[in-house]
Every structure is written in structure tokens, then in C-alpha cells.
Enquirer: 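This structure is in C-alpha cells; I'll ask about it shortly.
All residue numbers in this chain count up from 1 along the given sequence. Below, all heavy atoms of this structure are taken into account, side chains as well, without hydrogens, waters or symmetry copies.
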Amino acid sequence: MHVERQFESLRSAYPRAALVPNADTSSVIIVPELALPPGWNRTNVGVAFIAPAGYPVAAPDCFWTEPGLMLANGGTPQNTGTNQLPGIPAGWLWFSWHPSRWDANRGDNLMTYLKVIRRRFEEIR
């Protein structure tokens with residue numbers, strides 16, 4: 001399956017990453033200890049996102065972080081809340097964050113979406 005091949009590429013960069021298949025043919029990708037830039041209350045955080053059924057044509061959408069992630073000033077990050085989906089660990093913080101462009105024909109993949117997540121963390125808000 002396509003997601004497994006792409007996951008192996010992601011795992012070469014993040015060896016502790018995990019791929020968890022869901023019953024609906026989507027998969028949850030968990031990347032522990034993703035480095036955070038200054039401006040957050042920690043230096044790294046575990047993140048999770050879903051490769052939906054229909055991936056790679058269907059883009060990943062939204063992501064989650066381990067509980068307790070806040071801005072360094074104690075504020076709650078914008079566009080976050082609770083949204084528990086199958087395969088996402090209980091209590092993780094949901095970021096309503098979407099890629100502005102996604103084109104599997106252009107080569108967008110799991111690493112592309114991880115870059116979307118990293119760009120969001122660079123926006124300290």
C-alpha cells in the first residue's frame with residue numbers, strides 16, 4: 001500500500017515514528033519528540049495526524065499533539081480544541097490546521113504534511 005511505502009521514508013528521518021492502521025483504511029502517523037522552535041512551553045512534542053482513506057489523493061487534514069502543549073506565555077494555541085478520532089491517543093490537543101495546497105501528482109506525501117505541521121509551530125500563536 002502507498003501509505004506504508006511513504007511511511008518508511010518518513011521513518012528514516014524519524015526512526016521512532018509509528019504507523020497505526022484504522023479499520024476504515026485510514027492510518028494514524030505518530031511522530032514522537034518533534035522539535036519545537038522557541039515560543040512554546042517545551043522543546044519537543046509528540047504529534048499525530050491521519051492519512052485518510054483515499055490517501056494520497058485525499059490530503060491529511062488537522063493534527064494532534066500530546067496534552068499540555070501551550071505557548072511559552074501560558075496561552076492556548078489558536079485553532080485548537082478537542083476532537084477525538086479513531087487511532088488518536090486520548091486527550092491529545094487537536095489543531096484545526098489544513099494544507100493550503102495538496103497535489104499527490106506533484107509528489108505531496110507524508111513528509112509534505114509533516115512540513116505543514118512544522119510551519120504551524122513556527123507561527124507562535
Side-chain angles (χ1 to χ4, degrees):
M1 182 183 226
H2 203 58
V3 71
E4 284 90 359
R5 280 195 315 266
Q6 287 189 6
F7 176 73
E8 288 308 315
S9 175
L10 183 142
R11 195 162 166 175
S12 68
Y14 300 92
R16 295 186 54 223
L19 176 70
V20 182
N22 281 328
D24 67 356
T25 72
S26 68
S27 297
V28 176
I29 291 85
I30 300 174
V31 179
E33 299 178 4
L34 187 69
L36 294 172
W40 297 93
N41 68 333
R42 36 172 88 167
T43 57
N44 60 58
V45 69
V47 299
F49 63 95
I50 297 173
Y55 175 86
V57 175
D61 189 45
C62 301
F63 66 93
W64 291 258
T65 67
E66 293 172 307
L69 182 65
M70 301 177 77
L71 302 176
N73 67 10
T76 301
Q78 287 182 0
N79 300 92
T80 62
T82 57
N83 186 8
Q84 193 65 45
L85 292 180
I88 301 297
W92 281 39
L93 181 65
W94 172 62
F95 279 72
S96 177
W97 200 251
H98 323 284
S100 57
R101 296 182 342 189
W102 184 268
D103 186 349
N105 292 323
R106 186 184 71 203
D108 288 339
N109 56 39
L110 300 177
M111 288 297 287
T112 304
Y113 195 69
L114 198 54
K115 288 176 186 174
V116 168
I117 294 170
R118 293 177 68 90
R119 279 194 304 271
R120 169 57 182 95
F121 288 140
E122 292 170 2
E123 297 182 21
I124 313 301
R125 57 183 175 100

Enquirer: I need the Arg120 CZ to Ser96 OG distance, nearest 0.5 Å.
Expert: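 Taking CZ in Arg120 and OG in Ser96, the distance rounds to 10.5 Å.
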Enquirer: Are the side chains of Lys115 and Thr112 in contact, using a 4.5 Å heavy-atom criterion?
Expert: no
Enquirer: Would you kindly confirm whether Ile50 and Ile30 end up in one hydrophobic cluster when ILVMFWY residues are joined by side chain heavy atoms under 4.5 Å apart?
Expert: yes
Enquirer: Looking only at heavy atoms, what is the nearest atom pair of Phe49 and Ile117, with distance?
Expert: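 So the two residues come closest at CD2-CD1, 3.7 Å.
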Enquirer: Quick check: do Ser26 and Tyr55 have side-chain heavy atoms less than 4.5 Å from each other?
Expert: no
Enquirer: For atom CZ of Arg125, is the number of surrounding heavy atoms from other residues, nucleotides or ligands below 6.0 Å larger than 12?
Expert: yes
Enquirer: Nearest 0.5 angstrom please: Thr76 OG1 to Asn79 CG, how far?
Expert: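 With rounding to 0.5 Å, OG1 (Thr76) is 12.0 Å from CG (Asn79).
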Enquirer: Can Leu71 be reached from Trp97 by stepping across I, L, V, M, F, W or Y side chains whose heavy atoms are under 4.5 Å apart?
Expert: yes
Enquirer: Hydrophobic cluster membership, with links at side-chain heavy-atom distances under 4.5 Å among I/L/V/M/F/W/Y: are Phe63 and Ile124 in one?
Expert: yes
Enquirer: Going through the distances and angles, do Glu8 and Arg5 end up as a side-chain contact (heavy atoms from CB on, under 4.5 Å)?
Expert: CA-CA 5 Å; Glu8 288 308 315; Arg5 280 195 315 266; over 6 Å; no
Enquirer: Roughly how far apart are Trp94 CH2 and Thr80 OG1, rounded to 0.5 Å?
Expert: 9.0 Å
Enquirer: Which atom pair, heavy atoms only, marks the closest approach of Pro21 to Ser27?
Expert: CA-OG, 4.0 Å
Enquirer: Are Phe7 and Leu114 connected in a single hydrophobic cluster, I mean Ile/Leu/Val/Met/Phe/Trp/Tyr linked by side-chain heavy atoms less than 4.5 Å apart?
Expert: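 Yes.
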Enquirer: Work out which heavy atom in Pro99 is nearest to a heavy atom in Asp61; give both atom names and the distance.
Expert: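 Answer, listing the atom of Pro99 first, then Asp61: CD-OD1, 4.2 Å.
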Enquirer: Determine whether Tyr14 and Leu34 make a side-chain contact, defined as any pair of heavy atoms from C-beta on separated by less than 4.5 Å.
Expert: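 Yes, at least one pair of side-chain atoms sits under 4.5 Å.
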Enquirer: Nearest 0.5 Å, please: how far is CD1 in Ile88 from CG in Leu93?
Expert: 12.0 Å
Enquirer: Considering non-hydrogen atoms only, spot the tightest contact between Glu66 and Gly46 and give its length.
Expert: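 For Glu66 versus Gly46, the nearest heavy atoms are OE1-N, 2.7 Å.
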Enquirer: Side-chain contact, heavy-atom cut-off 4.5 Å: Leu36 with Leu69?
Expert: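 Counting from C-beta outward, Leu36 and Leu69 do come under 4.5 Å.
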Enquirer: Would you mind reporting whether Trp92 and Pro67 have side-chain heavy atoms less than 4.5 Å apart?
Expert: yes
Enquirer: With distance as the sole test, does Trp102 use its side chain to make a donor-acceptor pair with the main-chain N or O of Pro60 at under 3.5 Å?
Expert: no
Enquirer: Starting at CG of Leu19, measure out to CD1 of Ile29 and round the result to the nearest 0.5 Å.
Expert: 5.5 Å
Enquirer: Between Phe121 and Trp40, is the ring centre distance below 6.0 Å?
Expert: yes
Enquirer: With distance as the sole test, does Asn105 use its side chain to make a donor-acceptor pair with the main-chain N or O of Asp103 at under 3.5 Å?
Expert: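 Side chain of Asn105 to backbone of Asp103: no pair is present.
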Enquirer: Do the non-hydrogen side-chain atoms of Pro56 and Leu110 ever get within less than 4.5 Å of each other?
Expert: no
Enquirer: Find the distance between CZ (Arg106) and CZ (Arg101) and round it off to the nearest 0.5 Å.
Expert: 4.0 Å
Enquirer: For Ala53 and Thr25, work out which heavy atoms get closest and say how close.
Expert: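 That would be CB-OG1, 3.3 Å.
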Enquirer: For the hydrophobic clusters of this structure (ILVMFWY residues joined by side-chain heavy atoms under 4.5 Å, transitively), does one cluster hold both Val3 and Val31?
Expert: yes
Enquirer: So, for Pro77 and Met70, which heavy atoms are closest and what is the spacing to 0.1 Å?
Expert: CD-CA, 4.2 Å
